[in-house]
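See below for the structure under consideration.
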Amino acid sequence: GREAIGAVSGAVILAGTAFKAIAKVSEGEMGVRTRFDKATRTRGSRAGQLYGIVGPGYHPVVPFTHSIKPVNVQDRSNDLSELFIDRDEQYSVRSSITWRVSPEGDSPYRALYNVRNETDLNQAVTNMCLAGLREVMTSIDKPLMNNSHEVFGGVNEICGDDLFYYGVELRKLNIHSVARTIGEMLRPRLLPPDGAMQLPNVGIAAVAMGDTAPELRLVQPPNLDPSA
């Protein structure tokens with residue numbers, strides 16, 4: 001009768017409550033304990049410290065009031081925008097970074113609460129590293145401009161504290177290419193004084209820097225003759 005129905009309903013509610021009392025943190029994640037959607041903190045002698053950051057596995061939580069928010073701590077890779085550096089000549093730099101939210105200390109909390117969402121975190125990291133790269137490339141010795149290890153050290157020194165605010169650590173920086181941008185301004189230099197030699201109708205895009213001899217990359221300009 002009604003007693004049986006009530007007993008079944010109570011069992012279902014209890015089962016649902018018990019299910020919600022366990023939270024899972026997957027591999028490659030850390031979990032930040034929260035209460036009413038805010039990171040909980042201890043009182044007394046440890047006042048102000050985080051109540052708990054937990055690793056992968058199953059963890060008990062108080063139903064309805066407490067939860068565990070997962071934070072991705074795996075390596076991520078971003079291609080940085082092409083960077084143009086003006087020194088005595090202009091250089092084009094192509095690069096990429098590898099970074100992650102550190103699983104150590106309160107870094108997962110920082111990544112969760114010091115930025116609105118994952119998209120903003122990704123953009124903040126990219127912008128900071130791009131600014132740091134510009135500063136390094138402006139001051140580093142020219143032979144070291146395509147040395148990824150040296151550039152990484154400089155960028156990490158410049159950006160380390162700002163990245164830490166978001167709980168982020170820079171893991172790697174790759175310099176894919178460094179090229180001097182030349183364009184049409186160098187075309188007159190290639191003509192002999194008597195003008196006897198005629199150059200093909202091409203423009204010089206860049207001269208690549210590396211261990212081998214410089215290589216001119218020639219680009220055919222568009223045909224601007226309306227009668228063609």
Side-chain angles (χ1 to χ4, degrees), residues 27-32 39 49-50 53 55 69-183 185-186 204-212 214-215 217:
E27 290 296 327
E29 295 178 339
M30 296 294 286
V32 178
Q49 296 186 24
L50 287 174
I53 294 179
K69 289 184 174 292
V71 177
N72 181 3
V73 294
Q74 298 182 81
D75 283 357
R76 319 181 200 188
S77 295
N78 292 25
D79 289 327
L80 299 181
S81 302
E82 184 176 10
L83 190 63
F84 293 96
I85 303 296
D86 288 311
R87 299 182 63 158
D88 55 338
E89 297 171 304
Q90 189 180 68
Y91 295 87
S92 165
V93 181
R94 296 182 182 275
S95 60
S96 63
I97 56 172
T98 300
W99 61 280
R100 71 172 182 175
V101 174
S102 172
E104 305 297 330
D106 67 348
S107 292
Y109 164 83
R110 291 172 174 272
L112 188 62
Y113 286 100
N114 286 357
V115 69
R116 289 185 302 178
N117 51 51
E118 285 278 317
T119 300
D120 286 356
L121 177 62
N122 185 78
Q123 191 63 53
V125 171
T126 298
N127 290 344
M128 284 187 287
C129 289
L130 195 59
L133 179 62
R134 177 180 294 278
E135 186 172 341
V136 170
M137 285 301 202
T138 302
S139 59
I140 197 170
D141 291 341
K142 285 186 181 180
L144 298 178
M145 289 180 71
N146 55 4
N147 186 316
S148 294
H149 177 74
E150 292 291 335
V151 175
F152 167 76
V155 173
N156 205 26
E157 183 176 352
I158 292 170
C159 301
D161 289 344
D162 292 333
L163 292 172
F164 176 71
Y165 175 79
Y166 296 103
V168 168
E169 59 181 359
L170 186 61
R171 307 270 281 172
K172 190 176 182 180
L173 186 149
N174 286 323
I175 300 296
H176 301 298
S177 68
V178 178
R180 289 182 294 168
T181 59
I182 301 178
M185 67 179 183
L186 286 189
I204 302 173
V207 177
M209 295 178 60
D211 298 329
T212 60
E215 176 186 355
R217 298 203 298 268

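We number each residue from 1, following the sequence as shown. This one's a predicted model, so the numbers in the text were calculated from it and none came from an experiment.
Taken from CE in Met145 to CD in Glu150, the straight-line distance is 13.5 Å, to the nearest 0.5 Å. To the nearest 0.5 Å, the span separating CG on Leu163 from CG on Asn156 amounts to 7.5 Å. Note that CD1 of Ile97 and CG of Asp75 are 11.5 Å apart. Values are rounded to the nearest 0.5 Å. Rounding to the nearest 0.5 Å places OG of Ser96 at 9.0 Å from CG of Asn78. Expressed to the nearest 0.5 Å, how far CG of Asn114 lies from CZ of Phe164 amounts to 10.0 Å. Interatomic distance, Ile53 CD1 to Asp106 CG, rounded to the nearest 0.5 Å: 6.0 Å.
Looking at residues two or more places apart in sequence or on another chain, you find a side chain to side chain donor-acceptor pair (under 3.5 Å) between Asp86 and Gln90. Residues passing the side chain to side chain donor-acceptor pair (under 3.5 Å) test with Ser81, sequence neighbours excluded: none. Partners of Gln123 under the side chain to side chain donor-acceptor pair (under 3.5 Å) rule, at least two apart in sequence or in another chain, are Asn127. Asp162 meets the side chain to side chain donor-acceptor pair (under 3.5 Å) test with no other residue; sequence neighbours excluded.
In terms of heavy atoms, Asn72 sits closest to Gly28 at OD1-O, 3.5 Å. The shortest non-hydrogen separation linking Leu121 to Ala111 is CD2-CB, 4.4 Å. Residues Leu83 and Arg134 come closest through the heavy atom pair CD1-NH2, 3.0 Å. The two residues Cys159 and Gly132 make their nearest non-hydrogen contact at SG-CA, 3.8 Å. Smallest separation of non-hydrogen atoms from Pro108 and Ser102: CD-O, 3.4 Å.
Side-chain contact check for Tyr166 versus Arg110: every heavy-atom pair is 4.5 Å or farther apart. Using a 4.5 Å cut-off on side-chain heavy atoms (C-beta onward), Leu170 and Phe152 make contact. Put simply, the side chain of Val101 does not reach to within 4.5 Å of the side chain of Met30, judged on heavy atoms. Asn147 is not listed as a side-chain neighbour of Ile140, based on a closest heavy-atom distance of 4.5 Å or more. At a threshold of 4.5 Å between non-hydrogen side-chain atoms, the residues Leu133 and Ser95 count as touching. Inter-residue side-chain proximity for Val115 and Tyr165 is flagged as unmet; no heavy-atom pair is nearer than 4.5 Å.
For Asn117, the CG atom counts as densely surrounded, since its 6.0 Å shell holds more than 12 non-hydrogen atoms of other residues, nucleotides or ligands. Atom CD of Glu89 is surrounded by more than 12 heavy atoms from other residues, nucleotides or ligands within 6.0 Å.
Checked by atom type and distance alone, the side chain of Thr126 pairs as donor or acceptor with a backbone atom of Asn122 at under 3.5 Å. A distance-only check finds no donor-acceptor pair linking the side chain of Asp141 to the backbone of Pro143 [under 3.5 Å]. In this structure, Ser148 contributes its side chain and Ile175 its backbone to a donor-acceptor pair below 3.5 Å.
Checking each of Val155, Val93, Leu144 against Val136 for a side chain to side chain contact (heavy atoms under 4.5 Å, CB included) leaves exactly one that passes, namely Val155.
Counting only residues at least two apart or in different chains, salt bridge (charged side-chain N to carboxylate O under 4.0 Å, His left out) contacts with residues 92-105 comprise Glu82-Arg94, Arg100-Glu169. Listed by first and then second residue, the ring-ring contact (aromatic ring centres under 6.0 Å, His included) pairs that reach into residues 113-151 are Tyr109-Tyr113, sequence neighbours excluded.
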